[in-house]
Amino acid sequence: MTTDTAPGGFRKTSSGRRLTGIIMNDYLQLHQRAADGAFVVWIAIVVPAELFAGFDNVVYAVPESHAAMSAGKGVGTLQCEKAERAGYSTDLCSYARIDLGTALDGGRDSPTFGMPRPHLLVSNTNNCSLLAKWFDVYHRMWGVPHFILDIPFCYEEQTGADFAYIKAQFADLIRTIEELSGQRFDEARAREAVRLSGEALLYWKRFTSLAAHRPSPITAFDSFVHMAPILTSRGTAQLVEHYRELVAETEELMAQGVYPVPGERYRLLWDSIAPWHQLRKMSARLAALGANITCASYTYCIGSLEGSFDAYAYDGGDPLDWLARLQNFSVCPHGMKLRVRAMKEAIERNAIDGVVFASNRSCKVYSLMQMDQMRSIRDTLGVPAVMIDVDHADERKYNEEASFVRIEALLETIDALRGSGA
Amino acid sequence: MNDIPQTLAQMKNRGRRLIGCFPLYPPLELLHSFGLTPVVLWGMNGSVQNYDSSDRHLQNYTCRVARGLTGFIIDQAAGLFDALFMYNACDTLRNLPEIIATEVELPMLRLHVPALPEERTGAKGYLQDRIRSLVKDLEQFTRRPFSADAFMASTALYRKQRALCRSLDTLCAAGGIPFARAAEVLQSAHVLGVEDHIAVLEHELAHPPSPARTPGARVMASGIQAPPATLMEVMDDSGITVAANDIATLARSYADCPPAQPDPSGYYCDFYFRHYPCSTMLPAGDRRIEVLMQRVRDSDIRGFIFFGEKFCEYEYLEFPHLQDRMKDRGVATLFLEIGAEDLANLMPMKTRIEAFAEMLGH
């Protein structure tokens with residue numbers, strides 16, 4: 001195992017290199033299989049992709065993931081501007097604008113050469129119902145059928161009625177693909193895919209839980225980067241292997257005393273989607289301050305039920321049951337009470353000193369309860385917090401200096417609290 | 001409706017039990033049948049002096065609809081409302097119940113309306129169950145049993161009210177009433193009891209303002225809420241005739257009314273699955289475009305003014321396609337974006353409306 005450490009603590013591990021290979025291969029396979037006649041589905045990120053493994057020749061692409069990668073590779077603004085020139089407002093989600101810009105320009109400037117044109121669009125309402133409108137644009141542009149999964153928002157834990165409603169929709173989706181693709185669904189294969197996803201998520205949880213160690217062997221930025229294959233390789237042995245090796249490598253680095261922020265003085269929690277255009281810059285600048293954003297609500301929620309922190313393990317039963325029960329996991333589809341509950345758990349387990357609430361102009365559903373959530377965390381746990389303005393994929397809406405003025409103020413507050421013995 | 005809090009206070013003083021509802025298409029008939037007076041909290045901006053109360057909870061990139069209703073509830077709800085009701089519509093609104101609950105202690109009734117087409121497996125059954133569950137919640141809250149007769153009576157009232165609203169639209173399209181005046185009367189539906197609103201509509205239809213105007217350039221107005229009165233007056237003064245509207249607080253709210261039936265679970269399946277298409281009703285996207293184009297043809301529309309609500313992503317994502325379809329048909333379009341902070345600076349928009357009217361006149 002080798003580790004390249006860049007100035008400021010950013011490191012390229014062997015897992016990082018393996019990750020690059022996985023993602024590159026996933027997109028190459030996607031294009032190749034589509035060119036060879038596979039049935040192509042575009043999905044929102046929480047759509048249960050394991051179901052597609054139940055078909056002989058169905059491949060899927062994830063526009064949100066592609067948009068995040070585009071932002072990370074520095075072409076987010078370029079693609080946004082293409083969509084804006086076509087009449088799409090700058091106030092729309094930057095994932096949507098990047099993706100629309102890419103599609104409208106035939107995939108030009110995309111780090112993955114775009115995505116193969118779909119035969120079916122599957123959006124959902126759980127992360128955001130905007131997705132349904134966004135996919136409607138393609139539906140009209142290309143005359144492709146659009147299947148919406150409606151996932152009721154959870155103010156409390158998911159109800160039995162909602163669970164049954166979601167599960168019935170999955171069965172409907174399977175029937176729809178059978179009809180459109182002419183392929184038969186094999187439940188045993190989907191079950192195996194779910195088993196593999198379940199196993200991979202256990203390793204994922206083990207990886208993110210390493211943040212409890214002081215100093216932390218990981219940063220939230222590691223989790224942002226390494227979550228990618230959960231979106232593109234779901235239900236595969238490759239996914240299990242990647243996370244198994246990621247855990248092993250991280251534990252080995254710990255044993256060697258190699259940490260991303262060696263002089264870690266401040267342990268922070270990030271609440272929002274990753275600022276894809278800032279990963280390297282932000283992590284380096286934080287490391288220089290002795291600050292480590294060790295965990296993020298965006299990634300610690302993966303594999304948990306809404307409002308909880310631990311893994312929701314697959315028990316080998318009906319795969320649709322497990323998939324349906326997990327549909328509200330990803331922060332956006334559940335309410336403030338549940339968000340605060342999970343965040344308190346994260347703060348306590350990871351010994352967090354302060355929270356950075358990233359108010360994200362592109363994601364209203366994530367952001368528009370942060371002001372109250374921040375008060376709740378401050379008042380009930382006495383943990384200081386700040387709010388900074390970001391946009392997850394449109395760099396034009398982010399101001400580094402303004403953000404760091406606030407983050408540095410948070411660090412000073414943490415120091416002051418330590419000094420006062422609070 | 002110049003003073004909404006005062007109007008509501010008067011109804012409260014007359015013994016009405018008010019339930020504040022959002023967003024635009026709550027099950028009014030059902031709430032009314034339980035002896036409640038539903039008030040639709042949409043377009044409350046005129047009653048919000050400033051956004052201080054909502055700014056304590058919502059970032060400034062929240063739409064003015066949400067900021068207005070949040071501020072209104074925080075500042076005004078105590079003593080006015082007996083309960084609140086909400087159903088799912090957009091990403092912003094679904095976050096509001098818990099935010100509001102941090103400041104306002106009122107019972108909150110909720111409904112999840114499926115964002116699926118009627119024919120999808122389980123959609124109808126799920127909605128029927130949710131309506132039955134809401135009926136139980138209402139029985140518990142009001143301490144009275146559901147009455148099919150009362151529900152039928154309430155349904156008849158709302159049917160009459162919606163028919164009268166459509167008649168006023170027709171009058172407006174014929175130049176018989178200025179758009180600004182028609183919109184004011186029509187939108188008062190949201191904050192008046194249905195019986196009172198019927199009386200207002202009947203009076204207005206019987207005594208239209210005189211003299212009647214000469215019909216001008218035929219325009220369709222669209223948006224998630226009606227524009228500020230000042231802009232509607234400019235439209236009237238510029239010689240524009242609003243021959244059809246696709247405004248959510250107006251025509252989208254009263255364009256359709258399902259057949260009467262004593263079972264609310266069946267009634268609301270018709271109501272929600274076959275509702276006049278609105279950008280907030282996700283499965284209705286295709287139908288919305290077709291309905292709008294049909295209305296453009298039927299009403300001989302020459303111009304289309306889209307009042308874009310700043311930060312309303314649903315509306316934003318439909319507009320480029322809508323604009324293309326209008327252009328294909330030779331309909332001129334004007335896009336005006338209005339945000340909470342724009343209300344004190346409407347002059348540029350006035351100028352654009354006047355220019356648009358002049359262009360249509362040529």
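Predicted model, so just to flag it, every value in this text is computed and none were measured.
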Salt-bridged, [X] to [Y], with N to O below 4.0 Å?
X	Y	answer
Glu156(A)	Arg110(B)	no
Arg375(A)	Asp379(A)	no
Arg67(B)	Asp55(B)	yes
Asp321(A)	Lys167(A)	yes
Arg288(B)	Asp246(B)	yes

What part of [X] gets within 4.5 angstrom of chain A, counting heavy atoms only: side chain, backbone, both, or neither?
X	result
His112(B)	side chain
Asn60(B)	side chain
Asp129(B)	neither
Ser133(B)	neither

Pick one of side chain, backbone, both or neither for Arg339(A), based on which atoms fall under 4.5 Å of a heavy atom in chain B.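 Arg339(A) touches chain B through side-chain heavy atoms alone.
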Interface residues of residues 96-109 of chain B facing chain A - heavy atom cut-off under 4.5 Å: Pro97(B), Glu98(B), Ile99(B), Thr102(B)
Contact listing (chain A partner; residues 325-339 of chain B; heavy atom under 4.5 Å): Glu337(B)
Would you check, one step at a time, whether the test ring-ring contact (aromatic ring centres under 6.0 Å, His included) holds for Tyr316(B) with Phe319(B)? CA-CA 5 Å; Tyr316(B) 281 168; Phe319(B) 184 68; 9.1 Å; no
Taking only residues two or more places apart in sequence or in another chain, which ones pass salt bridge (charged side-chain N to carboxylate O under 4.0 Å, His left out) with Asp150(A)? none
Listed by chain and number, what are the salt bridge (charged side-chain N to carboxylate O under 4.0 Å, His left out) partners of Asp91(A), not counting sequence neighbours?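 With sequence neighbours excluded, Asp91(A) shows a salt bridge (charged side-chain N to carboxylate O under 4.0 Å, His left out) to Lys310(B), given in chain and number order.
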Cut-off 3.5 Å, side chains only: do Thr77(A) and Glu395(A) have a donor facing an acceptor?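 Side chains of Thr77(A) and Glu395(A): no pair found under 3.5 Å.
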